[in-house]
Amino acid sequence: MTVSDISAYDQGKEALKKLNVDDQLGLLWVVYTKLGKSITPAAPGASGSEIAQGLFNQVKALPHQEQLQVMRDIATKTNTQISREYGSLSPETKLAFWYFLAQGMENATIIPMPPNYELPQAGKDLLAKIEGLGFQEQIDFLRGAVLPMGTEPAGGSEI
């Protein structure tokens with residue numbers, strides 16, 4: 001099996017694992033801001049965008065440092081209420097949620113990226129790979145990156 005035989009979804013799933021959690025978040029932010037004009041139309045119009053907006057509003061209400069911790073918890077599958085809520089979302093709703101986070105970071109309602117942040121070389125290589133993909137492959141790559149995040153909802157009536 002060659003790299004070209006691996007789907008964009010599987011590439012996204014594997015690629016993010018090679019970065020530490022803050023660089024995973026950094027890459028998602030760069031992708032959503034840099035490629036936003038082509039990628040984001042698929043997310044906000046999703047049927048679950050109201051649900052994504054609701055989860056985003058929970059994060060937005062927190063102090064900046066807690067917002068960062070929530071994003072880290074989701075990325076590392078830490079078992080928290082918001083991470084479980086995220087884990088129960090549909091693929092399109094997860095994409096929309098990260099879109100809303102990126103927009104919030106741009107307008108400072110969500111903790112912004114540090115002004116001196118620079119993706120590590122592995123992140124830059126991934127970004128170049130993503131930029132070289134067609135639109136549908138970019139969406140599939142992002143799905144692969146964000147779908148495994150979060151934790152499974154708890155059994156019973158609790159999320």
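Side chains included, hydrogens not; waters and symmetry mates left out as well; all remaining heavy atoms used.
Defined by atom type and a distance below 3.5 Å, a donor-acceptor pair is present between the side-chain atoms of Thr76 and Thr78. Between the side chains of Gln69 and Gln65, not a single donor N or O lies within less than 3.5 Å of an accepting N or O. Side chain to side chain, Gln81 and Gln58 fail the donor-acceptor criterion of an N or O pair below 3.5 Å. Under the 3.5 Å distance criterion, with hydrogens and angles disregarded, no donor-acceptor pair is assigned to the side chains of Asn107 and Gln103.
Of all the heavy atoms in Phe100 and Phe56, the pair that sits closest is O-CE1, 3.3 Å. In terms of heavy atoms, Tyr86 sits closest to Lys94 at O-CE, 3.2 Å. Annotation for Met149 and Leu28: closest pair CE-CD1, 3.9 Å, computed over non-hydrogen atoms. Nearest heavy-atom pair across Ile110 and His64 is C-NE2, 3.8 Å. When all heavy atoms of Gln138 and Leu133 are compared, the pair lying nearest together is NE2-O, 3.5 Å. Here the closest non-hydrogen pair linking Asp22 and Tyr117 is O-OH, 4.1 Å.
Gln67 places a side-chain N or O within donor-acceptor distance of the main-chain N or O of Thr109, the cut-off being under 3.5 Å. Not one N or O on the side chain of Glu66 forms a donor-acceptor pair closer than 3.5 Å with the backbone of Pro63. Asp23 contributes no side-chain N or O that, together with a main-chain N or O of Gly26, makes up a donor-acceptor pair within less than 3.5 Å. Checked by atom type and distance alone, the side chain of Ser83 pairs as donor or acceptor with a backbone atom of Thr151 at under 3.5 Å.
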Audit row: Leu62, Val70, side chain to side chain contact (heavy atoms under 4.5 Å, CB included) steps and yes/no: CA-CA 9 Å; Leu62 299 170; Val70 165; 3.6 Å; yes
Audit row: Val59, Leu101, side chain to side chain contact (heavy atoms under 4.5 Å, CB included) steps and yes/no: CA-CA 9 Å; Val59 176; Leu101 285 175; 4.1 Å; yes
Side chain to side chain contact (heavy atoms under 4.5 Å, CB included) between Lys124 and Leu127, worked out: CA-CA 5 Å; Lys124 290 176 183 175; Leu127 181 61; 5.6 Å; no
Working for side chain to side chain contact (heavy atoms under 4.5 Å, CB included), residues Arg84 and Glu152: CA-CA 6 Å; Arg84 288 190 303 273; Glu152 291 296 312; over 6 Å; no
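A side chain to side chain contact (heavy atoms under 4.5 Å, CB included) with Leu142 holds for exactly one of Leu16, Leu147, Val31; it is Val31.
By the 4.0 Å N-to-carboxylate-O rule, Glu92 lies close enough to Arg143 to be salt-bridged with it.
Note that CD of Glu106 is 5.5 Å distant from OG1 of Thr33, once rounded to the nearest 0.5 Å. To the nearest 0.5 Å, atoms CD1 (Ile139) and CG (Leu95) are separated by 6.0 Å. Residue Ile111 holds its CD1 atom at 5.0 Å from CG of Leu68, rounded to the nearest 0.5 Å. Rounding to the nearest 0.5 Å gives a distance of 10.0 Å between CG of Leu126 and CD of Gln24. Taken from CD in Gln136 to CZ in Phe141, the straight-line distance is 14.5 Å, to the nearest 0.5 Å. The CG atom of Leu19 sits 8.0 Å away from the CG atom of Leu119 when rounded to the nearest 0.5 Å.
Between Pro148 and Lys77, some side-chain heavy-atom pair lies under the 4.5 Å cut-off.
If you chain together hydrophobic residues whose side chains sit under 4.5 Å apart, Val21 and Met71 never meet in one group.
The local environment of NZ in Lys18 is sparse, with at most 12 non-hydrogen atoms from other residues, nucleotides or ligands closer than 6.0 Å.
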